[in-house]
Structure formats: structure tokens, C-alpha cells
There are 2 protein chains.
Amino acid sequence: MSAFRYFYTILKVEQIDYFMDEAEQSRCENCIVRQFNSLRAMSKTELKKVSDSKVTKKIKKGEALFEEGDKLDGVFCVREGVSKLSKLSSNGKDQIIKLASKGEVMGQRSVIAEEYTNLSAVAVSDMEVCFIPKDSIVHTLSKNPDFAIEVLRHMAHDLKEADDVIVNMSQKTVKQRIAEAFVYLKNNYGEDDQGFLKLTLSREDIANVVGTATESAIRIISEFKKKGMIKTSGKKIGVLNEKLLQDLIEGF
Amino acid sequence: MSAFRYFYTILKVEQIDYFMDEAEQSRCENCIVRQFNSLRAMSKTELKKVSDSKVTKKIKKGEALFEEGDKLDGVFCVREGVSKLSKLSSNGKDQIIKLASKGEVMGQRSVIAEEYTNLSAVAVSDMEVCFIPKDSIVHTLSKNPDFAIEVLRHMAHDLKEADDVIVNMSQKTVKQRIAEAFVYLKNNYGEDDQGFLKLTLSREDIANVVGTATESAIRIISEFKKKGMIKTSGKKIGVLNEKLLQDLIEGF
DNA sequence: AATAATTCATGATAATTGTCAGCTTTTCGA
DNA sequence: TCGAAAAGCTGACAATTATCATGAATTATT
């Protein structure tokens with residue numbers, strides 16, 4: 001048993017990295033993000049197989065991992081950075097369905113359903129992802145019920161979130177949806193030391209998350225700023241008064 | 001082998017019923033709708049267990065199968081009729097997320113995720129459903145990977161549909177969404193001999209499917225009627241010119 | 001069959017959101 | 001670091017959609 005294993009549970013990620021050489025780090029068995037996704041239900045042997053067949057890729061901000069309609073021969077596991085999953089609508093606008101970050105697995109749905117993917121994935125920040133060929137996934141799925149159940153749980157969760165998005169889209173105003181987006185970004189990605197949201201999205205991306213025109217999003221952002229709910233600096237946005245945002249979301 | 005089995009593949013449902021006595025009919029093993037859902041991946045023994053523990057219920061139009069927030073101790077398999085699955089939004093309006101009909105299984109998501117259900121289910125027409133206690137489902141899930149994969153496939157499909165709904169909600173006009181609803185109802189539930197949609201929804205339900213105010217839905221229905229795209233008779237609606245509807249959906 | 005209760009329908013009006021146009025600021029590559 | 005390109009911003013206006021009010025038609029109930 002090597003040194004890093006011993007410290008596994010009591011050290012932070014950066015510290016663990018310190019004890020692992022690059023080859024050790026890149027093994028799925030040692031991958032930290034695995035704790036957050038369904039791969040944790042895999043056995044040692046299964047993980048070893050996955051690790052041997054996987055490929056780690058660096059993706060630069062703005063680059064696509066895959067495009068709507070692509071045939072995916074595997075899934076992507078996010079080690080670092082954030083990707084937007086979006087779908088082009090017939091009017092030419094992109095709707096962002098979901099943001100995927102550390103630990104999340106993208107492309108499961110289409111691999112499982114054996115269909116072309118219905119979404120595009122584009123990096124919103126520099127990313128590091130592992131591509132895992134579908135064979136090892138599909139094989140484990142049919143041999144290890146625990147893994148299948150774990151994947152099911154994740155998909156069930158995604159489905160519930162999708163239901164919530166549907167309700168928000170149809171029943172809330174653009175203003176409410178934008179307020180909600182800021183609260184979400186704050187709670188899920190945190191703030192930097194100056195109080196700005198760590199995950200910076202362009203105004204267009206924000207508009208595409210809440211399903212509105214870019215100009216409308218900009219206008220509402222200006223309004224929030226005027227009212228002291230948020231602050232901005234370039235494209236960076238910081239939440240100043242979460243309660244006001246929350247009130248607006250609830251309905252006044 | 002009894003008579004109805006022999007005819008299984010070549011007879012329509014009503015004809016099979018003719019050869020089965022009531023006890024035989026009510027067995028899951030013989031249930032026709034099973035062909036359409038994930039239960040078909042169950043083994044004979046597993047199905048027998050399910051059948052012994054299930055309860056068949058008749059639900060009248062307007063009655064609820066379960067309400068948002070309920071803890072579900074099992075799933076509902078629809079044998080007959082249609083149910084709306086909806087979610088209450090904070091502004092007091094109901095958003096219909098999905099219509100479930102013959103063969104569909106409701107409540108899987110919350111049973112699998114072991115969470116309170118996020119949706120209400122109310123019968124839109126008289127229904128006959130089987131309630132299957134979760135034990136037999138969960139047990140089979142952990143023992144029979146084929147079943148788990150089958151459930152996964154269904155959930156993957158639901159998730160894709162949910163993505164499509166999100167895009168439609170945010171990127172299409174109310175008019176387009178209503179047109180889409182009529183085409184959907186026609187293709188999925190068919191028409192009666194006079195050309196009216198077999199599944200009749202109230203104007204309010206239609207509004208709740210497309211996420212708009214009831215008055216707006218009514219107004220648009222009147223407009224469609226004036227333009228010869230549909231006909232109405234009381235609350236019944238019939239598609240007269242599907243192409244016109246389709247053009248509108250596409251964007252002219 | 002008469003009456004009450006829903007549901008459907010339409011007008012008037014207000015609020016929300018989208019579109020187009022022009023201008024300013026920021027970002028990024030040569 | 002300069003200059004082009006992209007992104008952000010704002011105004012004016014149009015289109016869409018919601019809300020309130022009121023009455024007609026349909027459905028349910030006694």
C-alpha cells in the first residue's frame with residue numbers, strides 16, 4: 001500500500017496529489033471525482049478495466065466535446081471545469097439544458113438508449129475530462145446490478161431536475177428565472193474572494209439558460225444591479241443581496 | 001397450454017379476453033400492456049411474484065392516484081385510460097409534465113430514487129391500474145440486470161423527452177405549442193369515427209400542458225378553428241388540416 | 001326539466017418579452 | 001499595444017401573453 005492511500009481519507013485533494021505521481025493519479029481507482037458519480041459502484045476489477053480503456057483529454061473553453069446528433073461511443077467524466085449541455089431549437093437559438101461539472105458523467109443517456117445524442121456539450125471553462133468507451137460501461141451494466149442501480153439513481157435525479165426546469169420555464173417570468181440562475185450559480189460553484197461568482201457565463205449563455213433573448217437578459221441584469229441585488233464587473237457577476245433575489249423568485 | 005396462449009400473437013386484446021376467464025386475465029404473466037414497459041424483462045418467477053403482490057384498482061376520471069409529495073410504496077402500471085402527471089408551481093398553476101397511458105409505469109422515478117414523488121397523478125379518463133409494491137420491483141432490480149437496463153432505457157427515453165419539452169417551452173410560442181399538442185394527441189391517442197381526438201382534455205388541461213393561461217389557450221383554439229385547422233364540438237377537438245398545424249409548429 | 005355550477009368564450013387593457021438599430025466597452029490576436 | 005472583432009448595453013417599438021371582467025354555453029344535480 002503506497003503512501004497516498006494511507007492518507008486518502010484525511011487529506012485534501014491537493015495534498016493527495018502531492019503524494020501521487022502522475023501515473024498513479026490518472027488511474028480511475030484513485031480518481032477523486034469518482035466519489036461523486038455512479039462509477040463508485042464499480043468493483044476494483046471493473047474500475048481497472050475502465051481505467052485501462054479510458055482516455056484523458058484537455059478541452060479549452062469554447063471547444064465542443066460532442067455535438068447534437070453525434071453518435072457517442074462512450075461517456076465523458078468531468079475531472080475539471082464546466083460544460084454546458086444544450087439543444088438547438090428550430091428558431092436557431094440554443095437552449096442550455098444543464099451545466100455539468102466535476103464528477104458528472106455526460107453522454108450516459110444516449111449510450112444507454114443506444115441513440116444519437118440529443119444534446120451538444122461545449123466547455124464553458126477549460127476542462128479536463130476522461131472519455132470512457134462504452135463497452136466497459138455497457139458490460140458492467142449487465143453484470144453489476146449495483147452499478148446499474150447507481151446509474152438509475154443518477155438518471156432519476158436528472159429527470160426530476162428536468163421536471164423542475166419545465167415548471168420554471170412555463171410558470172415563472174424571465175426575471176424570476178434569471179434570479180434563480182444567479183442563486184444557483186452561487187450555491188453550486190461558489191464565489192471568489194471578491195464576491196463574484198466563480199463560474200462566469202457570457203450574457204448570451206445566461207440568456208440561453210433561462211430561455212430568453214440576450215437583450216432581455218442584459219436588461220434584467222442592469223435592473224438587478226440598479227436595485228442593489230447584484231454587482232457586475234465586466235462579464236463577472238456577484239450576488240449582493242440573496243434575500244432580495246429569493247423574494248423575487250418566490251413571487252415578490 | 002391454454003387456448004388464449006395459442007392465439008396470443010394473432011388476436012387483438014378483446015379477442016384474447018374472450019378466451020381468458022377473469023382470474024387468468026388479471027395475472028401479470030398474461031397482461032398485454034406488459035409488452036410495452038420494462039416489466040417484460042422480468043423472468044417468469046419474478047413476474048409471478050409481482051402478480052401475487054399487485055392490486056388492481058379502478059380510478060374514475062378526476063380522481064388522484066397520488067399527490068405531489070406523497071411517499072410511494074410502489075409503482076402504478078396503467079392498464080386502461082390516461083393520467084396526467086403534473087406539478088404545482090409556486091404561482092398556483094399546475095403544469096402537466098406528461099400524459100401516461102396504457103402500458104406506462106408511473107412512480108418509478110421516486111421509488112428508485114427513494115424520494116417523495118415530485119408529481120401528482122390525476123386520471124383524465126376512467127382508468128384501470130395495477131399497483132405494484134416496491135419490494136418486488138426493487139428486489140428484481142438488484143437481481144436481474146436485464147430488468148435494470150430495461151428500466152434505464154425507459155428512463156433515458158423520458159429524460160430525452162423532458163429535454164425536448166424544455167426547449168419547446170422556452171423557444172416556441174404558445175401558438176406553436178398548442179398546435180404541437182393537437183398533433184401529439186392525434187398521433188398518440190387517435191381520433192374517433194367523426195374525426196375528433198379520442199382523448200378529450202379540458203381547455204384548462206390543454207393550457208396546463210403547454211404552460212399558458214386558460215384564456216390564452218381558448219383564444220388560440222378559436223383562432224385555429226377560424227382558420228380551418230381544427231374543428232370543435234363542445235370540448236371535443238378534431239384536427240382538420242394537420243399540414244397547417246405542422247407549418248405553424250415549424251415556424252410558418 | 002329546471003337550476004346551479006362549471007367550463008367555454010370574448011373584449012379591453014396591461015404587463016411582459018422580443019426585435020431591430022445603434023453605440024460603447026471589453027477581449028483577443030497579430 | 002494597436003485595431004478589429006466580439007460582447008455588452010440601451011432605446012424605441014412591436015408582438016406576445018396575462019389578467020380582469022362579463023356573458024354564453026355546456027354539464028351536472030336535484
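Only a predicted model underlies this, so the values are computations on that prediction, with no experimental measurement involved. Quick note on labels: first sequence line is chain A, next is B, and so on, each numbered from 1.
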Between the two end axes of the helix from C:dA1-D:dT30 to C:dA30-D:dT1, each built from 5 base pairs, what angle do you get to the nearest 10°? 60°
Is there a side-chain contact between B:Arg79 and B:Cys31 (heavy atoms, below 4.5 Å)? yes
The contact string for nucleotides 22-30 of chain D, one letter per nucleotide 5' to 3', using protein heavy atoms under 4.0 Å with B, S and - for base, sugar-phosphate only and none, comes out as ---------
CD-CD distance between B:Glu204 and B:Glu215, expressed to the nearest 0.5 angstrom: 10.0 Å
Would you call B:Asp205 and B:Lys84 a salt bridge, using N to O less than 4.0 angstrom? yes
Polar side chain donor-acceptor pair, B:Glu250 to B:Gln246, under 3.5 angstrom: yes
Other residues, nucleotides, ligands: >12 heavy atoms within 6.0 Å of A:Tyr184 OH: yes
Kindly state which residues belonging to residues 83-97 of chain B come within less than 4.0 angstrom of DNA chain D, counting heavy atoms of the residue only, listed by number. B:Lys93
Taking only Lys NZ, Arg NE, NH1 and NH2, and the carboxylate oxygens of Asp or Glu, determine whether B:Glu223 and B:Arg219 approach each other closer than 4.0 Å. no
Does A:Lys243 come within less than 4.0 Å of A:Asp247, counting only side-chain N to carboxylate O? yes
Please report the interatomic distance OG(B:Ser83) to CG(B:Leu99), rounded to the nearest 0.5 Å. 8.0 Å
Salt bridge or not between A:Asp158 and A:Lys98? Use side-chain N to carboxylate O under 4.0 Å. yes
Tell me the interatomic distance from B:Lys175, atom NZ, to D:dA18, atom C1', rounded to whole angstroms. 15 Å
Do A:Glu242 and A:Phe182 come within less than 4.5 Å of each other through their side chains, counting heavy atoms only? no
When rounded to the nearest 0.5 Å, the distance separating CG of A:Leu245 from CD of A:Glu180 is 10.5 Å
Where each residue is assigned the nucleotide of DNA chain C containing its nearest heavy atom, which of B:Leu201 and A:Lys172 is assigned the position nearer the 5′ end? B:Leu201
Donor-acceptor contact present, side-chain A:Glu63 to main-chain A:Val122, <3.5 Å: no
Nucleic acid contacts - residues 213-225 of chain B versus DNA chain D, non-hydrogen atoms under 4.0 Å: B:Ala213, B:Glu215, B:Ser216, B:Arg219
Once you round it to whole Å, what is the distance between P of D:dA18 and CD of B:Glu204? 14 Å
Spacing between B:Met169 atom CE and D:dT16 atom C1', to the nearest angstrom: 16 Å
Would a distance-only check, ignoring hydrogens and angles, find a side-chain to backbone donor-acceptor pair under 3.5 Å from B:Gln95 to B:Asn208? yes
With heavy atoms of chain B within less than 4.0 Å as the criterion, where does contact along DNA chain C begin and end? C:dT7 to C:dA12
Does a side-chain N-to-carboxylate-O contact under 4.0 Å join A:Lys58 and A:Glu80? no
Sequence neighbours left out, cut at 3.5 Å: what donor-acceptor pairs do the side chains of residues 228-235 of chain B make with other protein atoms?
| unit_1 | atom_1 | unit_2 | atom_2 | d |
| --- | --- | --- | --- | --- |
| B:Lys231 | NZ | B:Gln194 | O | 2.6 |
| B:Thr232 | OG1 | B:Lys225 | NZ | 2.9 |

